[in-house]
Chemist: 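The structure follows.
Computed over heavy atoms, backbone and side chain alike; hydrogens, waters and symmetry mates excluded. Note that ligands are numbered from 1 as they come in the structure, with each ligand's atoms numbered from 1 the same way.
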Amino acid sequence: MARGNIFVVTAPSGAGKTTLVAALLAADQNVQLSISFTTRAPRSGEVQGKDYHFIDRAEFEAMIAAADLLEHAEVYGNYYGTSRRWIESVIDNGRDILLEIDWQGAQQVKQLFPDSVGIFVLPPSIDALEQRLRNRGLDSDDIIAKRMAAAREEMSHFDEADYVIVNEHIDEAVRDIVAVVRAERLKLPTQRVRHGALLTSLKG
Ligand code: 5GP
C-alpha cells in the first residue's frame, strides 16, 4: 500500500481557508483532517476533540518533552501542535492527511517530510482581505490593524509552499485544491506502489 500524502494548508485569517478545507473534505473521502492540540481557550461553538484538542500549558509542555508532537509553534501567545503518532498512523494506512497550520509549523513539517505538499491560500489582494475582516463585523479598527499585520507576516511566507491558490471565487478555489490533491496521487512513486504489476511489466 502506498503511504498517504501530507498536505499542509497555510493562509492568513480571512483568506477562506476553513471553507476551502471543508469543501475538500466533503469532496474527497480519502483526506483526513488533523486535529491540532492547543492551549488557547475554546471559542464559542468550538467542540473539544473536533475543532482542537484543548489542553493546558503543562500538558502541552509534557507533550513537547515526550516528543509527541510532529511540529509545534506559539501563535498569539498560545501553543499549537500536531500529534506525531496520529499522523503517522493515518499515512501508514494509505490515507492522506491535511494539516491546517501556520508558516512556522509548515516549515517544520517540510523539513521532516520533504515530500509533504505545501498549499498556500491567498486573498485576491491585501485590500480584499481587509474588507473581508471588516465585513465580518467582529473586530474594532485596532484589532483589524493587528490582524492585518499578522496576515502580512503570514503571507510573506507564500514562497515556501509548493502550490498557491488565490481564493477570489470560492468554487474555483475548491476545484483548485481538489485538483492539487488528485495530481499528487498520480505522482510516479505513488503510482509505482498502486500499479506495481502494470508498471513492472512495462519494463520487460
Ligand atoms: P486559531 O486560534 O485562529 O484557530 O489559529 C491561529 C493560527 O494557528 C492559525 O494560523 C492556524 O493555522 C494555526 N494553527 C492551528 N493549529 C496549528 C498547529 O497544530 N500547528 C501550528 N504550527 N499552527 C497551528
Side-chain angles (χ1 to χ4, degrees), residues 6-25 31-57 59-91 96-113 116-123 126 129-130 132-133 136-139 143-158 160-165 167 173 177:
I6 301 178
F7 295 100
V8 177
V9 180
T10 307
S13 77
K17 174 178 66 169
T18 309
T19 311
L20 197 54
V21 166
L24 169 67
L25 297 176
V31 182
Q32 197 155 333
L33 181 65
S34 164
I35 313 290
S36 297
F37 287 78
T38 185
T39 60
R40 120 160 131 59
R43 297 191 185 116
S44 85
E46 285 185 331
V47 177
Q48 171 73 284
K50 182 168 171 282
D51 296 287
Y52 283 103
H53 299 289
F54 296 100
I55 60 176
D56 65 27
R57 259 186 120 76
E59 288 171 305
F60 199 100
E61 280 162 4
M63 288 185 81
I64 298 175
D68 283 345
L69 298 173
L70 187 73
E71 62 75 31
H72 69 276
E74 195 158 351
V75 185
Y76 311 127
N78 293 303
Y79 279 134
Y80 294 84
T82 306
S83 159
R84 176 188 303 277
R85 203 175 327 142
W86 196 73
I87 299 297
E88 286 182 346
S89 82
V90 171
I91 60 175
D96 293 340
I97 189 95
L98 187 146
L99 277 54
E100 265 187 81
I101 60 179
D102 84 321
W103 67 270
Q104 304 172 83
Q107 280 185 352
Q108 295 170 50
V109 173
K110 195 72 179 176
Q111 274 194 346
L112 281 169
F113 297 95
S116 64
V117 183
I119 303 170
F120 215 103
V121 181
L122 290 173
I126 292 175
L129 184 70
E130 183 161 349
R132 284 182 195 174
L133 292 180
R136 298 201 296 200
L138 294 175
D139 303 313
I143 300 283
I144 295 218
K146 283 198 181 117
R147 285 189 184 277
M148 284 305 295
R152 279 174 179 271
E153 161 73 3
E154 186 82 47
M155 288 190 288
S156 73
H157 293 273
F158 71 88
E160 294 160 25
D162 300 291
Y163 293 94
V164 174
I165 295 179
N167 181 13
I177 197 166

Chemist: So which protein heavy atom does atom 7 (C) of ligand 1 come closest to, and at what separation?
Modeler: V75 CG1, 3.9 Å
Chemist: Answer whether the closest heavy-atom distance between the side chains of T10 and V8 falls below 4.5 Å.
Modeler: yes
Chemist: In ligand 1, which numbered atoms sit nearer than 4.0 Å to a non-hydrogen atom of G105?
Modeler: 22 (N)
Chemist: Starting from atom 16 (N) of ligand 1, find the nearest protein heavy-atom neighbour and note its residue, name and distance.
Modeler: S36 OG, 3.1 Å
Chemist: Does any N or O in the side chain of E59 come within less than 3.5 Å of the main-chain N or O of D56, such that one atom is a donor and the other an acceptor?
Modeler: yes
Chemist: Any side-chain heavy-atom pair from D139 and K146 closer than 4.5 angstrom?
Modeler: no
Chemist: Determine whether the side chain, the backbone, both or neither of F37 has a heavy atom under 4.0 Å from any heavy atom of ligand 1.
Modeler: neither
Chemist: Please determine whether a side-chain nitrogen of the Lys or Arg among E74 and R57 lies less than 4.0 Å from a carboxylate oxygen of the Asp or Glu.
Modeler: yes
Chemist: For ligand 1, which is the ligand I care about here, please tell me if H72 has any N or O atom under 3.5 Å from one of the ligand's N or O atoms.
Modeler: no
Chemist: Using the ring of each side chain (for Trp, its six-membered ring), is F60 parallel, tilted or perpendicular to Y79, with breaks at 30° and 60°?
Modeler: parallel
Chemist: Give the numbers and elements of all ligand 1 atoms closer than 4.0 Å to a heavy atom of Y52.
Modeler: 1 (P), 4 (O), 5 (O), 15 (C), 16 (N)
Chemist: Select one of side chain, backbone, both or neither to describe which atoms of E71 lie under 4.0 Å from any atom of ligand 1, heavy atoms only.
Modeler: side chain
Chemist: May I ask you to list the atoms of ligand 1 that are less than 4.0 angstrom from any heavy atom of R40?
Modeler: 1 (P), 2 (O), 4 (O)
Chemist: Using heavy atoms and a threshold below 4.0 Å, how should the contact between R43 and ligand 1 be classified: side chain, backbone, both, or neither?
Modeler: side chain
Chemist: Are S116 and F7 close enough that some pair of their side-chain heavy atoms sits under 4.5 Å apart?
Modeler: no
Chemist: Do E154 and ligand 1 have an N or O pair less than 3.5 Å apart?
Modeler: no
Chemist: Flag the pair R40 and D51 as a salt bridge only when some basic side-chain nitrogen lies within less than 4.0 angstrom of an acidic carboxylate oxygen.
Modeler: no
Chemist: Check whether any N or O atom of D102, backbone or side chain, sits under 3.5 Å from an N or O atom of ligand 1, and answer yes or no.
Modeler: yes
Chemist: State the atoms of ligand 1, each with its element, that fall below the 4.0 Å cut-off from a heavy-atom position in T82.
Modeler: 19 (O)
Chemist: If you count the atoms of ligand 1 from 1 in the order shown, which ones are under 4.0 Å from a heavy atom of K17?
Modeler: 11 (C), 12 (O)
Chemist: Applying a heavy-atom cut-off of 4.0 Å, say which part of Q104 lies close to ligand 1: side chain, backbone, both or neither.
Modeler: neither
Chemist: Restricting to non-hydrogen atoms, name the atom on I87 and the atom on I6 that form the minimum distance, rounded to 0.1 Å.
Modeler: CG2-CD1, 4.4 Å
Chemist: Which atoms from ligand 1 have a heavy atom of A73 less than 4.0 Å away?
Modeler: 22 (N)
Chemist: Is it the case that ligand 1 has an N or O less than 3.5 angstrom from some N or O of Y80?
Modeler: yes
Chemist: Quickly, which of H72, E100, Q108, E71 forms a side-chain hydrogen bond (donor to acceptor under 3.5 Å, both in side chains) with T82? Name it, please.
Modeler: E71
Chemist: For F158, does the CZ atom have more than 12 heavy-atom neighbours from other residues, nucleotides or ligands under 6.0 Å away?
Modeler: no
